[in-house]
Amino acid sequence: FPNSLSSFQFGGTSVTGDVTNWILPNSINNLFLIGGTKLTGNITNWVIPNSLASLDISSTAISGDLSFWVLSSSIVYFNIGYTNIVGSAPQISAHATNALNYNARSSNISDSNTTVFRKAMTGYNVSNQNVAFSTANIDKLLKAIADWYQVNAPTANCTFTLSGSKMGI
């Protein structure tokens with residue numbers, strides 16, 4: 001990748017390759033690895049640049065553990081779905097006031113590191129996981145939400161989607 005890149009999108013069945021050793025540009029705004037691609041690899045060690053506003057990895061054979069990821073304050077759209085991603089739903093960096101639509105659904109997420117919420121947050125979806133997401137983890141997430149709203153008045157409607165047969169509820 002060049003050091004600066006506005007948007008990068010892979011989609012379609014003719015795209016193949018391994019993303020394991022990708023080094024993302026320092027100033028990328030949007031990264032989409034979507035559709036029926038044949039991309040493979042592990043994204044555990046990716047460094048998420050502070051400039052990233054949108055990240056969508058869905059319907060791919062990409063894997064990795066996102067437990068140690070912290071999403072930048074500039075991110076407004078995060079979507080991980082229908083992948084072999086494991087671990088905990090990534091934390092959201094503090095001090096951001098922009099809107100955020102957060103989706104980590106239909107993967108292998110078993111916990112949540114998310115304890116930071118944004119006053120303009122519009123959606124948080126960790127539904128339909130392929131592995132158990134225990135009641136204790138749901139309780140931890142709901143307590144973090146309640147604690148945040150005790151201090152911060154809601155300024156936007158936010159939909160929290162925590163459904164699915166493996167959610168332990």
So which heavy atom on [X] is nearest to which on [Y], and how close?
{"X": "M121", "Y": "I92", "answer": "CE-CD1, 3.7 Å"}
{"X": "W46", "Y": "L31", "answer": "CZ3-CD2, 3.7 Å"}
{"X": "I28", "Y": "P49", "answer": "CG2-CG, 3.5 Å"}
{"X": "N130", "Y": "K166", "answer": "O-CE, 3.2 Å"}
{"X": "Q129", "Y": "M167", "answer": "CG-SD, 4.4 Å"}
{"X": "T44", "Y": "N42", "answer": "OG1-OD1, 2.5 Å"}

Can you classify the ring geometry of F32 versus Y77 as parallel (below 30°), tilted (30 to 60°) or perpendicular (above 60°)?
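Plane angle between 30° and 60°, so tilted.
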Would a distance-only check, ignoring hydrogens and angles, find a side-chain to backbone donor-acceptor pair under 3.5 Å from [X] to [Y]?
{"X": "T20", "Y": "I43", "result": "no"}
{"X": "S67", "Y": "S88", "result": "yes"}
{"X": "Q91", "Y": "S112", "result": "no"}

Q) Are L100 and Y149 grouped together when hydrophobic residues (ILVMFWY) are joined by side-chain heavy atoms under 4.5 angstrom apart? A)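 Result: yes, single cluster for both.
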Exercise. Quick one: do W22 and I75 end up in the same hydrophobic cluster if we chain Ile, Leu, Val, Met, Phe, Trp and Tyr together by side-chain heavy atoms under 4.5 Å apart?
Worked result: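 Yes, it is one cluster - the side chains of W22 and I75 are joined through contacts under 4.5 Å.
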Nearest 0.5 Å, please: how far is [atom2] in [Y] from [atom1] in [X]?
{"X": "L71", "Y": "W69", "atom1": "CG", "atom2": "CH2", "result": "7.5 Å"}
{"X": "N29", "Y": "L55", "atom1": "CG", "atom2": "CG", "result": "12.5 Å"}
{"X": "I80", "Y": "S58", "atom1": "CD1", "atom2": "OG", "result": "8.5 Å"}
{"X": "S51", "Y": "N30", "atom1": "OG", "atom2": "CG", "result": "9.5 Å"}
{"X": "N125", "Y": "R105", "atom1": "CG", "atom2": "CZ", "result": "6.5 Å"}
{"X": "S127", "Y": "F133", "atom1": "OG", "atom2": "CZ", "result": "10.5 Å"}

Report, as yes or no, whether the 6.0 Å neighbourhood of atom CG on N50 holds more than 12 heavy atoms from other residues, nucleotides or ligands.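 Counting neighbours around CG of N50, 12 or fewer heavy atoms of other residues, nucleotides or ligands fall under 6.0 Å, so no.
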For F68, look at atom CZ and say whether over 12 heavy atoms of other residues, nucleotides or ligands are found less than 6.0 Å away.
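Open.
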| query | Who are the ring-ring contact (aromatic ring centres under 6.0 Å, His included) partners of Y102, not counting sequence neighbours? | reply |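 Here the qualifying residues are F78, Y124.
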Tell me yes or no: between the side chains of [X] and [Y], is some donor less than 3.5 Å from an acceptor?
{"X": "S163", "Y": "T161", "answer": "no"}
{"X": "N84", "Y": "S63", "answer": "no"}
{"X": "T83", "Y": "S107", "answer": "yes"}

Salt bridge (charged side-chain N to carboxylate O under 4.0 Å, His left out), that's the test. Do D139 and K143 meet it? Break it down for me. CA-CA 6 Å; D139 291 345; K143 180 167 180 356; over 6 Å; no
Notebook entry, point to check: Can you list the residues that meet the side-chain hydrogen bond (donor to acceptor under 3.5 Å, both in side chains) rule with N113, with sequence neighbours excluded?
Noted result: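 N113 satisfies side-chain hydrogen bond (donor to acceptor under 3.5 Å, both in side chains) with no residue once adjacent residues are dropped.
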